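Everything quoted here is computed from the prediction, not taken from an experiment. Atoms within each ligand, like the ligands themselves, are counted from 1 in listed order.
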Amino acid sequence: METLRKILEQAEAKGVAIGHFNISDLVTLKAVFEAAWDLKVPVIVGVSEGERQFMGVRQVSAMVKSLREEDDFAIFLNADHTHSLSSAIEAAKAGFDWIVFDVSTLPFEENVRQTRTAVEALKALRPDILVEGEIGDIGSGSEIHDSAPDLKRGLTTPAEARQFVDETKIDTLAPAVGNMHGMLRSMVAGNTQKRLDIERIRAIKAETGIFMTLHGASGTKDSDLQEAIAAGITVVHINTEVRLAWRHGLDNALAKQPTEIVPYKVLPQVVDSVKQVVAGRLKLFNSGRLARPAVP
Ligand code: G3H
Ligand code: ZN
């Protein structure tokens with residue numbers, strides 16, 4: 001099995017991105033795994049602090065590890081949006097492959113200080129673990145929002161990205177480049193889409209050379225995602241679209257079988273609903289239609 005770092009290097013060389021999907025239960029885990037398995041592409045499963053509190057930190061780690069080992073399949077686990085060092089260490093000890101250490105709401109200097117401390121502590125514990133840092137403002141949760149926050153002032157600049165990368169020694173960077181967590185009602189209805197600042201992505205990549213993760217990708221225009229990957233994004237995070245597919249799948253399954261009480265007769269329809277969304281996104285992220293320029 002290749003390491004996660006190797007998988008990222010291969011994706012970058014091919015000009016494709018690895019899909020990262022948040023899960024909350026076995027249904028969504030099965031859907032993500034099966035979609036990636038069918039397409040034979042590596043995949044990352046993410047659990048935020050709330051998601052892993054529900055599933056159990058060690059329990060979700062054991063489930064992902066069992067899928068990886070049973071078929072020698074490249075499925076990895078990320079401790080998404082981890083807001084404290086103690087929570088990051090708990091995930092590292094449980095065997096997570098990656099930690100997104102997110103104290104991006106703090107002032108820049110404090111974000112640098114805490115992220116550097118977290119990188120040092122996590123690497124001392126697990127030298128192989130990847131640590132991501134985040135700067136800028138990409139809004140709040142992976143939910144349906146009534147209105148869009150004003151994120152313009154929180155966009156990441158190439159200069160601050162370089163300083164942050166140099167001073168923290170992170171492995172991957174989550175920048176604010178027009179992306180936003182969650183979806184607006186108009187996006188759910190299919191009337192609007194998120195747009196990305198492609199030139200900013202290109203400039204940050206040229207300045208830092210670091211692997212970059214695009215958070216908040218649900219509801220983003222497909223061609224913007226392809227251009228973002230060509231400009232330097234190596235991992236794309238999707239959560240709200242997964243949650244919407246889970247909810248629609250469950251509503252439809254219960255409506256079709258209003259008296260059914262056997263979970264394993266109802267839940268496969270929910271797996272299928274989520275799987276379709278994940279497969280669509282994986283195909284797009286791995287299409288590699290646009291060539292990525294060489295990093296200086
Ligand atoms: O970390 C998770 C993501 O950034 C998901 O964002 O809910 O907009 O897809 P999303
Ligand atoms: Zn995120």
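Among pairs with a residue in residues 251-270, those fulfilling side chain to side chain donor-acceptor pair (under 3.5 Å) read Arg247-Asp251, at least two apart in sequence or across chains.
Listed by chain and number, Asn22, Asp80, His81, Ser142, Met180, His181, Gly182, Lys194, His215, Gly216, Ala217, Ser218, His237, Ile238, Asn239, Thr240 each place a non-hydrogen atom less than 4.0 angstrom from ligand 1.
Taking hydrophobic clusters as Ile, Leu, Val, Met, Phe, Trp and Tyr residues chained together by side-chain heavy-atom distances below 4.5 Å, Met187 does not share a cluster with Val236. In terms of hydrophobic clustering, with Ile, Leu, Val, Met, Phe, Trp and Tyr side chains grouped at heavy-atom distances under 4.5 Å, Val278 and Leu250 are assigned to a common cluster.
A salt bridge does not link Arg5 to Asp97: none of the charged nitrogens lies less than 4.0 Å from a carboxylate oxygen. Salt bridge present: Asp171 and Lys123 bring a charged side-chain N and a carboxylate O closer than 4.0 Å. Using a cut-off of 4.0 Å between Lys/Arg side-chain N and Asp/Glu carboxylate O, Glu227 and Lys221 are scored as not salt-bridged.
Side chain to side chain, Gln193 and Asp224 fail the donor-acceptor criterion of an N or O pair below 3.5 Å. Side-chain N/O atoms of Asn179 and His215 include no donor and acceptor closer than 3.5 Å.
Members clustered with Val277: none, using a 4.5 Å side-chain heavy-atom cutoff among hydrophobic residues.
Within the sub-2.8 Å shell of the Zn ion (ligand 2), the protein contributes these N/O/S atoms: His81 NE2, His181 NE2, His215 ND1.
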